[in-house]
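Note that the coordinates shown come from a computational prediction; the quantities given were computed from them, not determined experimentally. Chain letters run A, B, ... following the sequence lines, proteins first and then strands; every chain starts at 1.
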Amino acid sequence: MAIAAAAHGAPEPDFYHAPSKHKGIFAWILSTDHKRIGILYLFSLLTFFLIAATLGVLMRLEMLTPGKTIIEPQTYNTFFTLHGIMMIFLFIIPGLPAVFGNFMMPIMIGAKDVFFPRLNLLSWWLFLAGGLLALVSVFLPGGATDTGWTFYVPYSIRTSTNVIPALMAAFILGFSSILTGLNFVTTIHRMRAPGMTWFRMPLFVWSLYATAWVQILATPIIGITLLLVAIERWFGVGIFDPSLGGDPILYQHLFWIYSHPAVYIMILPGLGVVSEILPVFARRTIFGYKFIAYSSLAIAFVGSLVWAHHMFTVGMSNTGMFVFSFLTFLVSIPSAIKVFNWIATLYKGSIALEVPLLFILSFIVQFCIGGFTGLMLGALAVNIHVTDTYFVVGHFHYVMFGGTGFGLFAALHYWFPKMTGKMFKKKPAVVSWFMVTIGFNVLYFTMFILGYQGMPRRYYDYLPQFQTLHVIATVGSWILYSGILVMFVNLLISLRKGEKAGANPWGGETLEWTVPSPPPLENFDVVPTVTTGPYDYSKYEAVQEAK
Amino acid sequence: MSSEVATATTQGHTHRDDAGTKLGMWLFLFTELILFGGLFIIYAVYRFSHGAEFELAANELDRLVGTVNTIILLTSSLTVAMSITAIQEGKKNLTLLLVGMTVVLAFAFLLNKYFEWDHKIVAGIYPGSPDLINKPQGVILYFGLYYVMTGLHALHVIIGMVVLVVMMFFVKNGTIHKGSFVRLEAGALYWHLVDIIWIFLFPLFYLLH
Ligand code: HEM
């Protein structure tokens, strides 16, 4: 992106070394600087991710043999519940917006901070409080929650385990998510630099904008629904309890009215990261900028109307089923538009196969597999057979982990030099990418086959005929987990020993690459004036044409 | 956009963008409306399936108490709206008086609500009570929703009172003044929200025939 005015005075200290009125750790946990808050999120979020991933690997280990392998059935129930709650509410929903949205979005639109910096800090505190509450609930008397992350009534009203702390944790995390969304919408509306028109915004910012609206509009519904389950447990009010006249299916509707849009909160920023990183390493202007921007909004909109496709077997009129099935098919259109645009961007590009791009390529393939199996699940006839089997487990891991999770890994490598001022070591990073991709596909593709053969989800035990496939999946989980460890260790070592990164190691054209790495406290000496759209790679394209 | 750019509040120095602050406040109010919206959906579903029993149950509520509370809240919205005009004209004491009246009215609302709930509870109508359990399911649902929705609303009244008291403090120490009153406006907006939600709750629970 071309900058008209970029005056340079004496070099300012970067934001890690900027003076602060607080000391030691307080300079971090009381800081209202969006960059520090982004880093706070990064570390807390990856910690939660590692805990939850460890639970996942332990579950896989349990499934190595039929019957008991390492843990009791009830422990398995609490594991998949905690794994689900942590992965959803503590990792993938806050994920990209809270870490990279916070750190990069203000810089990408040429602002000095988000609009409400103190509210931003409050969001992080709420996030931490919610996360700790979820963890503490495991150790309280009564035992960890065993309802699954969906908290379906009436079981969640009846079980004797600690449902209330888990519900409260999800409620608090929802509040944190709303505040972040509100902050981002206001920031994007009010704080763009001169010349940064809507259609000059980087696509990652567009995706954050669409996501923020979904966060604002959908999250209150889950808030009130979970609150009602808690009130129901406390006071015995009959709202969902069928013995008091309540309707458990109404709970499922309300739950999915939020939680389905929430899957777009999870995936949209991931799609945004792909659109952001792809042009940089293809050295080409993104193909179909406006289509990609609008398709984010379209996904956000249509995605809000498909919630009942989680409930095809629960009891619904035939008309309802047809409508929801049809709408589900519709969502695939804007998603496919994006994929086609990405591929068109790669076509004839001068591709630099750097680590972020590797993760993005895995993303695209896995997102397609996740998307196609989503279509299968959206077809009524197939759904009846594979609902609540490992097919579904495979599907959502492909979209959420194979998509957004990989997007987060890509973003982590892409923006690592900007955030830390250091380069990571390439070789171990490539090795980790390879392990993570292989492990991931061995683990979850096997689940499609298992599910198709009839292996139900959330089961502790299974028939001997499923064992071979379960063993393959478990081995996959080991490769995946080791790959993740290699990746994190490599990044941690690079943090200390990596070479110094310049302002723009990848040749990016968006605003964050015009400021030093790491950026100074107020990001820009002089507020930049923007004169062109993002991803202007015409100089590379000219060379490519000449060949 | 260019003139509103330098509006960030980073450490050290503060810039102002009142329109942006109000945008944020409106977004927040939307989320509150949607929060209650979830409850209104539940109400609609159960009223549809248990219409007759809802009307039966509604007869047990005192319409007079509800009407009085509606008048109290509407008046409080008026006083808080007038306080904005007062601060715009720089009349500090009048502003304090008007916001103070709002808080007093809010307190009166809660007091009234307290007596109403107390009356019901003494009569044995509360969630999980042995009397209520034996009533038809629609009645149980009605009172379940009655307690949850008016209770959550009362909680918002309390939050609103706290916000308004803080605003009075700001007016007093001069943080809010003729030239800068966006916080008072935001507080007043919140108070109107509390009022509007009650305007829906009142007919849904008290005026059923
Ligand atoms: C190392 C990585 C991971 C492993 C080994 C893993 C493994 C598993 C396993 C074994 C299950 C339980 C299957 C069942 O019995 O039904 C599960 C469930 C689940 N996983 Fe993962 N997973 C991983 C990463 C993730 C990620 C990144 C996400 C989210 C973005 C995620 C979200 C979920 C959810 C929502 C459930 C359903 C929980 C429930 O049934 O309530 N997982 N995972």
More than 12 foreign heavy atoms under 6.0 Å from OH of A/Tyr16: is that the case here? yes

For the residue pair A/Phe115 and B/Thr21, establish whether any side-chain heavy-atom pair is separated by less than 4.5 Å. yes

How many angstroms lie between atom CD1 of A/Ile224 and atom CG of B/Leu35, to the nearest 0.5 angstrom? 4.5 Å

With only heavy atoms counted, which part of A/Ile239 is less than 4.5 Å from chain B, the side chain, the backbone, both or neither? both

Can you tell me if NE2 on A/His17 sees more than 12 non-hydrogen neighbours from other groups inside 6.0 Å? no

Report, as yes or no, whether the 6.0 Å neighbourhood of atom CZ on A/Phe199 holds more than 12 heavy atoms from other residues, nucleotides or ligands. yes

Under 4.5 Å from a heavy atom of chain B, the part of A/Leu244 involved: both

In terms of heavy-atom pairs under 4.5 Å, which option from A/Ala18, A/Gly238, A/Pro220 contacts chain B the most? A/Pro220

Would a 4.5 Å heavy-atom cut-off, applied to side chains only, mark B/Ile42 and A/Leu254 as touching? yes

Closest approach of A/Thr186 to B/Gly20 (non-hydrogen atoms, all atoms of both residues): CG2-O, 3.3 Å

For A/Thr219, is it the side chain, the backbone, both or neither that has a heavy atom under 4.5 Å from a heavy atom of chain B? neither

What closest approach, in Å, do B/Ala19 and A/Arg190 show between heavy atoms, and which atom pair accounts for it? CB-NH2, 3.5 Å

Partner of A/Leu182 under side chain to side chain contact (heavy atoms under 4.5 Å, CB included), chosen from B/Trp26, B/Phe28, B/Phe30: B/Phe28

Name the region of A/Leu227, side chain, backbone, both or neither, that has any atom closer than 4.5 Å to a heavy atom of chain B. side chain

Does any heavy atom of chain B fall under 4.5 Å from the side chain of A/Tyr251, the backbone, both, or neither of them? neither

Check whether more than 12 heavy atoms from other residues, nucleotides or ligands sit under 6.0 Å from atom OH of B/Tyr147, and answer yes or no. yes

Name the region of A/Tyr258, side chain, backbone, both or neither, that has any atom closer than 4.5 Å to a heavy atom of chain B. neither

Pick one of side chain, backbone, both or neither for A/Ile109, based on which atoms fall under 4.5 Å of a heavy atom in chain B. neither

Atom CZ of residue position B/Phe200 - does it have more than 12 heavy atoms of other residues, nucleotides or ligands inside 6.0 Å? no

Hey, are the side chains of A/Asp247 and B/Tyr46 touching, using non-hydrogen atoms and a 4.5 Å cut-off? yes

Count the heavy atoms of every other residue, nucleotide or ligand shown that sit under 6.0 Å from OH of B/Tyr206, and state whether that count exceeds 12. yes

Tell me, for A/Trp213 versus chain B, whether the close heavy atoms (under 4.5 Å) come from the side chain, the backbone, both or neither. side chain

Best-contacting candidate, B/Ile41, B/Leu141, B/Leu33, against chain A by heavy atom pairs under 4.5 angstrom: B/Leu141

Do you know which of B/Ile133, B/Leu145, B/Leu132, B/Leu39 has the most heavy-atom pairs with chain A at a distance under 4.5 angstrom? B/Leu39

Among A/Leu228, A/Ile222, A/Ile216, the residue with the most heavy-atom pairs under 4.5 Å to chain B is A/Ile216

